[in-house]
Amino acid sequence: MGGVIVETEAYEPDDPASHSFGGKTRRNATMFGPAGRLYVYRSYGVHWCANVVCGEDGVGAAVLLRAIEPMHGIDVMRARRRVADERLLAAGPGRLTQALGITAVYDGVEIALRNRLQQSVASGVQLVRLRGRVNVVMSPRIGISRATERPWRYSLAGSSFVSRPRPRA
DNA sequence: GTATTGATCTTCT
DNA sequence: GAAGATCAATACA
């Protein structure tokens with residue numbers, strides 16, 4: 001399964017909205033590990049959310065994956081999500097993990113960084129560099145109550161696959 | 001179209 | 001005991 005990442009949010013340690021703000025716990029331990037791993041946590045006791053760990057080892061920064069435009073394995077994602085509309089397959093962090101089949105067992109796995117899409121990678125997760133230029137819109141992050149003024153939500157301009165179609169500038 | 005609510009995990013008070 | 005980086009179902013306008 002896979003697709004083009006069209007929406008993300010940034011979280012860093014000096015950030016009251018970040019899980020890493022209060023220091024290391026059992027849940028967020030992966031955030032404080034080396035960059036390039038997947039940080040998966042349970043959201044509202046119901047959903048899984050997936051992040052890419054960033055920054056120096058031990059810092060506690062990550063990027064939340066909020067939406068993808070489905071490209072590969074669409075039939076599998078449809079079966080998992082039980083929705084016909086492609087725009088709703090992975091528009092939102094909880095929907096994205098459900099479509100991709102990401103659960104707690106993926107917490108801490110190393111993400112294979114590639115310039116081209118591979119048939120398969122050992123960890124099961126690969127991040128492929130997108131070639132060319134795209135227009136990205138910055139806006140306030142969603143679903144948080146602290147540090148709401150930081151415009152750290154990044155979405156692909158004009159994409160109909162983001163979790164909220166019209167991000168406020 | 002907006003508003004409300006239940007699902008019930010993890011952390012913090 | 002409360003709140004949270006959410007979603008889907010339901011009730012209304």
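Note on naming: letters A, B, ... go to the chains in the order of the sequence lines (proteins, then strands), and numbering restarts at 1 for each one.
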Mind checking ring pair (Phe, Tyr, Trp, His ring centres under 6.0 Å) for Y41(A) and listing every partner two or more places apart, or none if nothing turns up? H19(A), Y39(A)

Dot-bracket for DNA chain C, please, read 5' to 3', with Watson-Crick or G-U wobble pairs under 3.5 Å on both distances, ( ) within the strand, [ ] crossing, | other strand, . unpaired. ||||.|||||||.

Minimal heavy-atom distance between R116(A) and V128(A), with the atoms involved, is C-CG1, 3.8 Å

How close do V162(A) and A91(A) get, heavy atom to heavy atom, and via which atoms? O-CB, 3.7 Å

Which part of the nucleic acid, if any, lies within contact of I144(A), taking any heavy atom under 4.0 Å across all strands shown: a base, the sugar-phosphate backbone alone, or nothing? sugar-phosphate

Please find the earliest and latest nucleotides of DNA chain C, in the 5' to 3' direction, that have an atom within less than 4.0 Å of any heavy atom of chain A. dG4(C) to dA8(C)

Exercise: identify the closest heavy-atom pair between V53(A) and M31(A): CG1-O, 3.6 Å

Taking dA5(C) as the reference, what is the distance to dT2(B) when you measure between their C1' atoms (whole Å, please)? 23 Å

In whole angstroms, how far is the C1' atom of dT10(B) from the CG atom of D107(A)? 13 Å

Calculate, to the nearest 0.5 Å, the distance between atoms OH and OG belonging to Y154(A) and S139(A) respectively. 9.5 Å

Residues of residues 79-89 of chain A with a heavy atom under 4.0 Å from any atom of DNA chain C, listed by number, are R81(A)

Spacing of L65(A) atom CG and N51(A) atom CG [to the nearest 0.5 Å]: 6.5 Å

I need the minimum non-hydrogen distance between C49(A) and L64(A), along with the two atoms involved. CB-CD1, 3.9 Å

Quick one: do the R80(A) and Q98(A) side chains pair a donor with an acceptor below 3.5 Å? no

Classify the side-chain pair S163(A)/R66(A) by whether it contains a donor and acceptor separated by less than 3.5 Å. yes

Run the side chain to side chain contact (heavy atoms under 4.5 Å, CB included) check on R95(A) and V83(A) step by step: do they pass? CA-CA 11 Å; R95(A) 292 164 170 174; V83(A) 290; over 6 Å; no

At a cut-off of 3.5 Å, list every protein nitrogen or oxygen paired with a nitrogen or oxygen from nucleotides 4-9 of chain B, distance to 0.1 Å.
none

Heavy-atom closest pair, residues E12(A) and S18(A): O-CB, 3.2 Å

Using atom C1' in both nucleotides, what's the gap between dT10(B) and dA8(C) to the nearest angstrom? 22 Å

Residues touching DNA chain C, which here means a heavy atom under 4.0 Å, drawn from residues 50-62 of chain A: N51(A)

Answer yes or no: is there a donor N or O on one side and an acceptor on the other, between the side chain of R78(A) and the main chain of R82(A), under 3.5 Å? no

Counting only heavy atoms not in D57(A), do more than 12 sit closer than 6.0 Å to its CG atom? yes

How long is the gap from NE2 on H47(A) to OG1 on T103(A), to the nearest 0.5 Å? 14.0 Å

Please give me the minimum heavy-atom distance between D15(A) and A10(A), naming the atom from each residue. OD2-O, 4.1 Å

